[in-house]
Amino acid sequence: MGIIVVDLFITLDGVYQGPGGAEEDTSGGFELGGWQGAYFDDETGESIDAGIDRLQALLLGRTTYDIFAGYWPNVSDEEPIAAKFNAVPKFVASRTLSDPSWAGTTVVRDVATEVAAIRDRFDEIHVIGSGDLTRSLIAEGLVDRLNLWVYPIVLGSGKRLWAEGFVPTAFALAEPPKAFPKGAVQLVFERAGDPVTGFDMAAEAPLA
């Protein structure tokens, strides 16, 4: 059985919307797109590229799929990321899409039942962006690794990963954190079951 890895660029206040460009995702009237670029450096790029090199398939939510499908097929395969994304099998979670335009795409109707079977076919399936899908996958216990690039910026609006109704979940660090020159930090987590709550810190504190 392979693993499902979520790759997500996220702000300090949990916003993942439109990191790559001003017009990437303006849904909901979002006007702050393109916030990732100011913090991009060679080391961050190498970290992102390493994950892309490992992936054998893409699993995307409908919004991210539409963004990718409208861009990557039009980029020359001389560009390594385009070559990778255009070549690997792609899966898009959607209840309404019937005729995907991006070659090599399969539509997933039922995340809970279909994704587990897909995971058995590949060593690493990567979910990029796709916050709504990520929340659904975590709720179903289908995320094996959460790979976050956290950027030192607060936007105050936009789509947030840690939205109301998120299934309570504990994570454990899978790798040491990596800090990059312009302030981004990479955090890699693995699921660690249910959160442990109910501690009384005052009662647990040692006596002086």
Side-chain angles (χ1 to χ4, degrees), residues 1-19 25 27-28 30 32 35-36 39 44 47-48 51 54-55 59-64 91 93 95 108-120 122-180 183-208:
M1 182 177 69
I3 62 172
I4 294 178
V5 181
V6 173
D7 297 325
L8 202 61
F9 309 128
I10 193 167
T11 67
L12 290 177
D13 57 338
V15 175
Y16 64 88
Q17 186 171 358
D25 181 3
S27 60
F30 186 65
L32 299 174
W35 46 265
Q36 181 186 21
Y39 303 99
T44 308
S47 172
I48 295 168
R54 291 192 304 271
L55 71 85
L59 173 61
L60 304 172
R62 178 63 187 274
T63 298
T64 303
F91 300 89
R95 294 186 179 91
V108 173
R109 300 294 185 200
D110 188 332
V111 168
T113 59
E114 295 180 57
V115 170
I118 294 170
R119 182 168 56 180
D120 290 340
F122 305 94
D123 290 335
E124 285 196 26
I125 302 171
H126 283 230
V127 179
I128 299 178
S130 308
D132 287 343
L133 174 61
T134 294
R135 285 190 290 272
S136 296
L137 291 171
I138 290 175
E140 297 293 339
L142 292 171
V143 171
D144 299 291
R145 183 162 288 199
L146 190 59
N147 193 12
L148 303 179
W149 285 269
V150 182
Y151 291 81
I153 183 173
V154 173
L155 296 179
S157 65
K159 297 176 182 176
R160 286 179 167 84
L161 180 62
W162 316 118
E164 187 72 23
F166 201 97
V167 174
T169 307
F171 296 91
L173 275 174
E175 298 177 3
K178 298 178 184 176
F180 302 108
V185 177
Q186 184 184 12
L187 301 172
V188 182
F189 295 101
E190 292 178 348
R191 185 165 179 154
D194 297 326
V196 177
T197 62
F199 276 93
D200 184 339
M201 295 299 294
E204 294 292 331
L207 296 175

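For the single chain, residues carry numbers from 1 onward in sequence order. Keep in mind that what you see is a predicted model, and the values were worked out from it rather than measured.
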Note to self: Within this structure, what is the CG-OH distance for the pair D132 and Y16, rounded to the nearest 0.5 Å?
What the structure shows: 4.5 Å
Checklist line | Residue pair V111 / L137, side-chain heavy-atom distance below 4.5 Å | finding: yes
Notebook entry, point to check: Would you say Q186's side chain and N147's backbone share a donor-acceptor pair under 3.5 angstrom?
Noted result: no
Margin query: Does atom CG (D110) have a neighbourhood of more than 12 heavy atoms from anything else shown, all under 6.0 Å?
Written below: yes
Note to self: Let's go through T44 and Y151 carefully: what are the C-alpha distance in whole Å and the side-chain angles of both, what is the deciding distance for side-chain contact (heavy atoms from CB on, under 4.5 Å) to 0.1 Å, and is it a yes or a no?
What the structure shows: CA-CA 11 Å; T44 308; Y151 291 81; 3.9 Å; yes
Checklist line | Close side-chain approach of I10 and W162, heavy atoms under 4.5 Å | finding: yes
Notebook entry, point to check: Can you check side-chain hydrogen bond (donor to acceptor under 3.5 Å, both in side chains) on W35 and T11, steps first, answer last?
Noted result: CA-CA 9 Å; W35 46 265; T11 67; over 6 Å; no
Checklist line | Of all pairs that satisfy salt bridge (charged side-chain N to carboxylate O under 4.0 Å, His left out), the ones with a partner from residues 149-158, not counting sequence neighbours | finding: none
Notebook entry, point to check: Is the closest side-chain heavy-atom distance between W149 and F180 below 4.5 Å?
Noted result: yes
Check: What do the steps show when you test F9 against I48 for side-chain contact (heavy atoms from CB on, under 4.5 Å), and what is the final call?
Finding: CA-CA 10 Å; F9 309 128; I48 295 168; 3.6 Å; yes
Note to self: Contact between R191 and I138 at the side-chain level, heavy atoms closer than 4.5 Å - yes or no?
What the structure shows: yes
Notebook entry, point to check: How about D144 and V5: do any of their side-chain heavy atoms sit closer than 4.5 Å?
Noted result: no
Margin query: Side chains of F122 and L55, heavy atoms from C-beta outward: is any pair under 4.5 Å?
Written below: no
Item checked: L60 side, atom CG; I125 side, atom CD1 - distance, nearest 0.5 Å -> 11.5 Å
Check: Within the distance-only criterion (no hydrogens, no angle test), does the side chain of S27 pair as donor or acceptor with the backbone N or O of D25 below 3.5 angstrom?
Finding: no
Item checked: Any T169 side-chain heavy atom under 4.5 Å of V143 side chain -> no
Note to self: Quick check for you: to the nearest 0.5 Å, what is the distance between R62 atom CZ and L133 atom CG?
What the structure shows: 13.5 Å
Item checked: Heavy-atom donor-acceptor pair, R160 side chain to D13 backbone, under 3.5 Å -> yes
Item checked: T64 side chain vs S130 backbone, donor-acceptor pair below 3.5 Å -> yes
Next item on the list: Sequence neighbours left out, what passes ring-ring contact (aromatic ring centres under 6.0 Å, His included) with F189? Give chain and number order.
Entry: none
Next item on the list: Verify side-chain contact (heavy atoms from CB on, under 4.5 Å) between L155 and F30, making sure each step is shown before the conclusion.
Entry: CA-CA 10 Å; L155 296 179; F30 186 65; 4.0 Å; yes
